[in-house]
Amino acid sequence: MIKMRAALIVDNMQLSKWQLDALDAASNSIEIVLIFNCQNTLTKKRYLKNFLYYALNIFTLRNHLTKRQKFSFTNATVINFDSIYKGAWQSLPEKIYKELEGGNIDVVIKFGMSLLSLNEEKKLPPILSYHHGNPSKYRGRPAGFYEIYNNERTTGIIVQSISNKLDAGEIYAFAESKVVNFSYKKTALNFYSNSVPLLDCAIRNLSNKTKLNIKVDGKNYRLPSNVKVSIFLLLLSLNALKKVIYGLFFEKRWRVSGMQNTLNLINDEKISSIELNEVPVDKKYTFYADCFFSEDDKKIRVEALDRITGLGDILELEARDYSTQKVLMSGQHFSYPSSFKYKGKEYLLPEVASHSAQYFCEPNNIDEKHFIKGLEDKRIVDATLHLEDGKYFIFFGENKNAHTILNLWVADSPFDLFKPHPMNPVAVSPYVARMGGKLLKHQGRV
């Protein structure tokens, strides 16, 4: 893809960290040639009505990802201007429109100003802007607040081409971020960090003229009153208390079971628990989880959580009757014992993120480690290797955001240098980002 010539709209030559990270992630898709620097953006605050919200904002939405800092782009021309105010809306002066109508700019990225009113008679390039919220449910502001208030599991993130209707432009990228129902700050950190890869995705979709079909008819929310913030804080406290109680008195205990069946991946199918044959758990362990068949289907490999150390071992079981349970890996935390076959040999690809960069090894020679080239500086989660059309694709999460972002890298062989796939990351959503096993092939389809 040829790089698009881009202009930025900013305030006082400042950007936040997540915005700079987004621009860096999109650096292969855009070349920033112009910076429109607005020098008079002001936000009118109703301190009496929204005092508690502004106080809450200091400890939540203001964080290391939103801290503003001076920046510069070496090859970009800076044009300073004062916007024209009409009520709460700002508009651009004529000299900015002349720059935009010249045809030298393919896309504008709006990281500054407040509500922007456009002269729709002008022929302008698309002006892309972020909105933190799913516009089919949550328009307006503040980001993430009402999602927690309404007990949502996720908050949306979009990159849209703005119009004169609030949060109702054409959408070129969409993602979801996990709501942490006991912490507004953690919720905010999630959606700001998950915003980073979306700009590049939006640029690619804009270049391909691909728009997302997402409704933009959600409720238009406004800043919450002091009463609403008080209820919100009580809700956070109750949710935090529930989390503490759960942590003190409850423990997840996974189980592994097998059954004789050939799954039909086309029609709906029901599996009865009566058909399941549960793998007996050795008394040394709390539970078994993360089950994988060996490449010849004769063995099952599982993560086994040690009762005393709290670390995961990798066990190998006989698939036919679970009679032999052999410890393959122990001493540090191991999980997710995925495997693959290469040139007639089977290799294990265990999760080792707690103590090592990702490697693979032969099941009968675990001390000979082959580190994955290109990923040596990352601690990756639930790595899953898949061969397709002569290429080796590795799906994985990173320790910091595996619950929301699924990455895809590719190489010619497991021993070659892996590089990001052009569509990386392939998922930004807590609903679908975490790998849950190998990819299946059925009737020629993945």
Considering residues, nucleotides and ligands other than [X], do more than 12 of their heavy atoms fall under 6.0 Å from its [atom1]?
{"X": "E376", "atom1": "CD", "answer": "yes"}
{"X": "K70", "atom1": "NZ", "answer": "yes"}
{"X": "R46", "atom1": "CZ", "answer": "no"}

Is any side-chain N of the basic residue among [X] and [Y] closer than 4.0 Å to the acidic one's carboxylate O?
{"X": "K270", "Y": "E275", "value": "no"}
{"X": "E278", "Y": "R255", "value": "yes"}
{"X": "K211", "Y": "E170", "value": "yes"}
{"X": "E152", "Y": "K137", "value": "yes"}
{"X": "E101", "Y": "K123", "value": "no"}
{"X": "E94", "Y": "K122", "value": "yes"}
{"X": "K391", "Y": "D412", "value": "yes"}

Determine whether the side chains of [X] and [Y] contain a donor N or O and an acceptor N or O closer than 3.5 Å.
{"X": "H132", "Y": "S195", "answer": "yes"}
{"X": "S339", "Y": "K438", "answer": "yes"}
{"X": "N134", "Y": "S136", "answer": "yes"}
{"X": "S177", "Y": "N194", "answer": "yes"}
{"X": "E147", "Y": "T154", "answer": "no"}

Rounded to the nearest 0.5 Å, what separates atom [atom1] in [X] from atom [atom2] in [Y]?
{"X": "K110", "Y": "L116", "atom1": "NZ", "atom2": "CG", "answer": "6.0 Å"}
{"X": "N50", "Y": "R222", "atom1": "CG", "atom2": "CZ", "answer": "11.0 Å"}
{"X": "I105", "Y": "I127", "atom1": "CD1", "atom2": "CD1", "answer": "11.5 Å"}

Suppose we call two aromatic rings close when their centres sit under 6.0 Å apart. Are [X] and [Y] close by that rule?
{"X": "W18", "Y": "Y192", "answer": "yes"}
{"X": "Y138", "Y": "Y146", "answer": "no"}
{"X": "Y184", "Y": "F232", "answer": "yes"}
{"X": "Y221", "Y": "F145", "answer": "no"}
{"X": "F51", "Y": "Y47", "answer": "no"}
{"X": "F393", "Y": "F395", "answer": "no"}
{"X": "F418", "Y": "Y392", "answer": "no"}

Answer yes or no for K228 and Y149: cation-pi contact, defined as NZ/CZ to six-membered ring centre under 6.0 Å and angle to ring axis within 45°.
yes
H131 vs F174, ring-ring contact (aromatic ring centres under 6.0 Å, His included): CA-CA, chis, key distance, verdict
CA-CA 10 Å; H131 169 64; F174 173 80; over 10 Å; no
Going by side chain to side chain contact (heavy atoms under 4.5 Å, CB included), P125 matches just one of L206, N104, V107, L100. Which one?
L100
For the pair D290 and E351, evaluate side chain to side chain contact (heavy atoms under 4.5 Å, CB included) and give the outcome as yes or no after the intermediate values.
CA-CA 10 Å; D290 286 6; E351 182 190 310; 5.6 Å; no
